[in-house]
Undergrad: 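I have a structure here, written as structure tokens, and I will follow up with some questions on it.
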Amino acid sequence: MKLHEYEAKEIFKEYGIDVPKGFVTSNKIEKIEGPVVIKAQVLVGGRGKAGGVVFAHTVEEANRKIEKLLNSSIKGEKVEKVLVEEKLPVKKEYYLAIVVDRVEKKPLILFSTEGGVDIEEVARRNPEKIVKYYVDPLREFLPYMARVMLKDHGLPSQEIVKIADVIYKMYKLFREMDATLVEINPLVVTEDGRVVAADGVIHLDEDAYFRQDYTRFEEYRKRENLPFAYVELDGDIGVIGNGAGLTLASMDIIKEYGGNPACFLDIGGGASEDVVKKALEKVLERENIRGVFINIMAGITRCDEVARGIVEVLKNHPDVKVSVRMMGTREEEGRKILRENGIPLEDSIEKAAKKLIEMLEE
Amino acid sequence: MDENTRAIVQGITGRQGSFHTKEMLECGTKIVAGVTPGKGGREVHGVPVYDTVKEAVEKHDANASVLFVPAPAVKDAVYEAIDGGIELIVVITEHVPVQDTLDMVNYGIKRGVRIIGPNTPGIASPKVGKLGIIPSRVLKEGHIGMVSRSGTLTYEIAHELVVNGYGQSTCVGIGGDLIVGTDFIDVLPLFDRDRDTDAVVMIGEIGGSSEEVACEYIKKMSKPVIAYIAGISAPEGKRMGHAGAIVERGVGTAESKIKALKEAGAYVVRRISEIPKVLREVIGK
């Protein structure tokens, strides 16, 4: 789960990491003290380049720009809030992040003196400009470890202590809040020697919900509580499967035959008739859906439950083209139900996908 | 996993734990004890239940454990198994927090204990039994090693192999999470040395780079590897069901994996039905 910048900065503050003075708002403002930066609170990447970060010197200018931002969308995401902050007297911009390294299986601290820019670009062009430090999660992380890393990278003495302190607090946050990513880009060193997180990205691990209070975050509150995994895509053929890998493979085969998946929907293991019904209804909620591909490899799932769910929903959607492939537990019962209701059924993924595409082309 | 594997089931008294203990016993697995704290003294399908791993190991000389405990209790249970002297731990549980997995995987490495998972269907060897939940009826004794990040997709491909006359030596699910204890690169050398295995079918998916890392070994592997990668049609930045199945900042695309695998000499197929065809070409039978 991604946090908004203003939420990430609230957390930084709680952990004692310096952030620019500012506030989040959905309205006009009354006064400013000096020049400000106004930042659209959206979760899409590349916000700056898309016009989501603007500057203002007077209240009038600020309000004009706030109003414009609040009435706009950035890369398809509607702007509902803006963050208004002091404009920092920037001396240097650094890059700092902590990620989960999947290969080394350790937390990885990334630091670069090339901050404020696209870090992937730096990684491609000047990989030597990025310092990597793998943390042993079984040991306590201490500030000296960060100081050594920064010193080895040639940072000036007066900056080392302050930045190491930020890294130490960031790591503490990363562990305690069950984050999977914490990023500050840029980490600004100001003319007067402050070290400030000018931006903030935090991704939290939703699997830790049982020990964290995530209800304070927008994304979590907005979340629909669905009894299956659903990802919306931009095509027009719904794809339903049981198990993530199988559902992905089902999407791929639709694409392979020239179709375009409208969603990834994994009903999981042991889904009841009711869950199948809700799943199919969810897919058909969108108006542009032309067909649905359903692929079930039943273990603890039962084909007859799935078939009954499908039949129930299709009663109300007689025009939608559906192709089903299912096998495993209670296969015969399931097939019988589908057959009696005239729903096309095939015995292999490939045949079922091809059949659907052919039906749609007719 | 072999004839000497003597396993315990942690979380044996739960619904899943109890059901799958029965299944594991039915296919010949030596399940010697179960552990559920607070429920010592009971029996589940004839298997004695203990309060601690320590007791179970002392009384039954167990060397492996399968975990069905709820996600919040997994880290505690894995540490208990490692400290109790277990050598192979299979974590079936899904939704274990990543920070907990980081800890237990690193602790396992430090103590020389192999952890498989979390979020895995486990391992199965039709000849000796299974640790986990892979349905026995989708496998058949044979000479293909299977290794996969997925559950039902593995069953699908196992089924495709079996109907085309290919059985399995061992089938290993490595798990769909961001961090897993055992990766492709750890499993491939075992298959390469295994006398029962003639070829390996590797089932990857988008996210991370464990397929690319495995290529280092595939290059020097003596047995053929047939690879299938799921998620070629998945967009960037979206988590596709599995916690680990996400393309982030350009890392983890199906294209990257397919390219690396081809360069390393693996046979990469786009359709599941091509797998037995390729096997016929490269190993015959």
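In what follows, every chain begins at residue 1, and chains take the letters A, B, ... in the order their sequences are listed.
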Undergrad: Do B/Met104 and B/Val74 have side chains that get closer than 4.5 Å, going by heavy atoms?
TA: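 Yes, side chains in contact.
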
Undergrad: Sort A/Ile349 into side chain, backbone, both or neither according to what part of it lies under 4.5 angstrom from a heavy atom of chain B.
TA: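 Contact with chain B: side chain only.
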
Undergrad: Quick one: what part of B/Arg149 sits under 4.5 Å from any heavy atom of chain A, side chain, backbone, both or neither?
TA: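 Answer is side chain: those atoms of B/Arg149 sit under 4.5 Å from chain A.
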
Undergrad: Is A/Lys49 salt-bridged to A/Asp118, going by a charged N under 4.0 Å from an acidic O?
TA: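 No, no charged N to carboxylate O under 4.0 Å.
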
Undergrad: For A/Asp252, which atoms come within 4.5 Å of any heavy atom of chain B: side chain, backbone, both, or neither?
TA: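 Backbone plus side chain of A/Asp252, per the 4.5 Å heavy-atom cut-off to chain B.
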
Undergrad: Among A/Lys129, A/Glu114, A/Glu183, whose side-chain hydrogen bond (donor to acceptor under 3.5 Å, both in side chains) with A/Tyr95 holds?
TA: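 Per the side-chain hydrogen bond (donor to acceptor under 3.5 Å, both in side chains) rule, the option paired with A/Tyr95 is A/Glu183, out of A/Lys129, A/Glu114, A/Glu183.
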
Undergrad: Between the main-chain N or O of A/Leu108 and the side-chain N or O of A/Lys132, is there a donor-acceptor pair closer than 3.5 Å?
TA: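 No: the side chain of A/Lys132 does not pair with the backbone of A/Leu108.
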
Undergrad: Under a 4.5 Å heavy-atom cut-off, does chain B meet the side chain of A/Ile254, its backbone, both or neither?
TA: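 No part of it gets close to chain B.
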
Undergrad: Could you look at B/Val138 and say if it's the side chain, the backbone, both or neither that has a heavy atom under 4.5 Å from chain A?
TA: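 Side chain only.
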
Undergrad: Under a 4.5 Å heavy-atom cut-off, does chain B meet the side chain of A/Glu232, its backbone, both or neither?
TA: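 Contact with chain B: backbone only.
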
Undergrad: Please classify the contact between A/Tyr209 and chain B as side chain, backbone, both or neither, with a heavy-atom cut-off of under 4.5 Å.
TA: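 Neither part.
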
Undergrad: What do you reckon, are the aromatic ring centroids of B/Tyr107 and B/Tyr79 less than 6.0 Å apart?
TA: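 B/Tyr107 vs B/Tyr79: aromatic centres under 6.0 Å.
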
Undergrad: Counting the benzene-type ring for Trp, do A/Tyr171 and A/Phe141 have ring centres under 6.0 Å apart?
TA: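 So the answer is yes for these two rings.
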
